[in-house]
Amino acid sequence: MSARLLKEGVYAVGVVDWNERNFHGHTYVTRRGVTYNSYLIVDDKVVLIDTLRKGFEEELVKNIRDVVIDVSKIDVIVVNHIEPDHSGAFPEILKLCPNAKVYGTERAREGILKYYGVSGNWNVVKSGQSLCIGKRTLNFIGTPMIHWPDSMFTYSIYDKILFSNDAFGQHYATSNVFDDEVDFALLMNEAQKYYANILWPFNSVIAAELSTINKLGIDIKLIAPSHGLVWRKHILEIMRKYFYWSLHSCKNRVAVVYETMWKSTEKMARKIVEGIVSEDIEVALFDVTKDDRTDIASYMLDAKSWIFGSSTHDSEMLPVIASFLHFIKGSKAIGRMSFAFGSYGWSGEAVKCIEDVVSCVSTLYPSLRVIFNPTGVELDKCFEFGKAFALKMKNEM
Ligand code: FEO
């Protein structure tokens with residue numbers, strides 16, 4: 001992709017990685033690919049907002065040259081966040097503009113040095129500091145833990161653009177630039193998936209930091225994140241969603257997630273779902289070996305209740321759901337209702353194993369176990385369990 005004009009003097013110079021399918025190691029399945037966004041501001045000084053992932057330097061340099069011909073003309077590099085998807089190209093870019101001043105937090109400076117052994121002419125910024133680059137002034141807003149301790153936002157007062165790095169991102173490879181150029185439902189789906197899989201564990205700080213930014217009363221015409229589309233039409237919607245998610249808000253719906261060996265646990269899962277549906281509660285059933293954990297987490301983000309099932313295998317729950325539950329435990333969710341179920345042959349530890357993991361992120365209700373294959377009577381009991389649980393939900397909402 002070439003450089004794209006966002007508004008007079010401000011360009012998107014990042015890259016689209018159409019083929020990335022596993023982001024963050026294997027924690028995030030990115031079926032729509034990924035973008036690594038960098039931005040170039042041309043004023044009296046030329047400013048590069050963030051670099052990007054190692055391996056894409058050549059395309060970044062080409063895009064910068066679309067705008068300023070000579071990369072050495074960059075006067076300032078702003079490092080909003082040091083995770084390698086935003087800093088991997090930093091050493092190579094720095095070589096091309098060695099006199100550039102670098103602006104970022106002290107934690108970012110320490111991290112960049114540890115990662116790459118270079119930090120350039122680094123200027124430590126604290127939240128609230130600003131930098132005049134001509135007719136524009138850039139304000140730096142500390143946002144530790146959105147996404148890492150080093151993170152900050154950069155706000156261009158003149159342009160009313162918030163460069164938010166990871167916040168408000170989506171993993172969505174597209175040739176479009178702005179939110180109103182793509183399908184809105186699809187965009188919000190990717191934004192929710194991104195929040196659930198990247199930012200969910202940091203809800204408490206996100207809520208506090210967004211409130212602080214809100215109190216600053218800054219006028220935002222564009223939010224330019226470092227992944228995905230730039231928000232210009234739907235800023236209010238994504239802001240509201242971030243407040244909603246960060247406050248652990250939930251819908252009255254249920255995720256039933258299971259892993260099964262010989263389909264007995266699956267039969268139980270289906271009957272539990274039928275019981276929940278009989279009370280007109282929304283529910284989704286996920287076979288954790290077939291559905292992407294990324295999508296399941298996205299559904300669970302604002303689901304009031306989570307129900308987990310596993311057959312017992314070697315005195316443990318099955319391995320794929322074990323991995324998934326440890327992933328979900330990291331969400332540090334609160335206010336969820338949950339119970340465990342599963343089939344077993346002789347010892348039946350899976351249910352207890354599930355409860356041990358999820359008790360710290362949900363309130364547990366009585367569990368349900370069945371030996372070998374569930375009988376008709378036992379399946380009826382599964383139905384009643386689901387129905388009774390749905391009634392509890394109605395009473396608690
Ligand atoms: Fe997109 Fe925390 O990196």
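No hydrogens, no waters, no symmetry mates; every other heavy atom, side chains included, goes into these values. Atoms within each ligand, like the ligands themselves, are counted from 1 in listed order. Residue numbers run from 1 in the order of the sequence given.
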Scan for ring pair (Phe, Tyr, Trp, His ring centres under 6.0 Å) pairs involving residues 69-99, sequence neighbours excluded, and state none if there are none.
-> His81-His86, His81-His147, His81-Trp148, His86-His227
2.8 Å shell around atom 1 (Fe) of ligand 1, exclusive bound, protein N/O/S atoms | 4
Parallel, tilted or perpendicular: which fits the ring planes of Phe308 and Trp306, with parallel below 30° and perpendicular above 60°?
-> perpendicular
Is the closest side-chain heavy-atom distance between Val61 and Asn63 below 4.5 Å?
-> no
Is there a side-chain contact between Val47 and Val78 (heavy atoms, below 4.5 Å)?
-> yes
Near-ring test Tyr195/Tyr242, centroid separation under 6.0 angstrom = yes
Phe153 ring center within less than 6.0 Å of Phe163 ring center | no
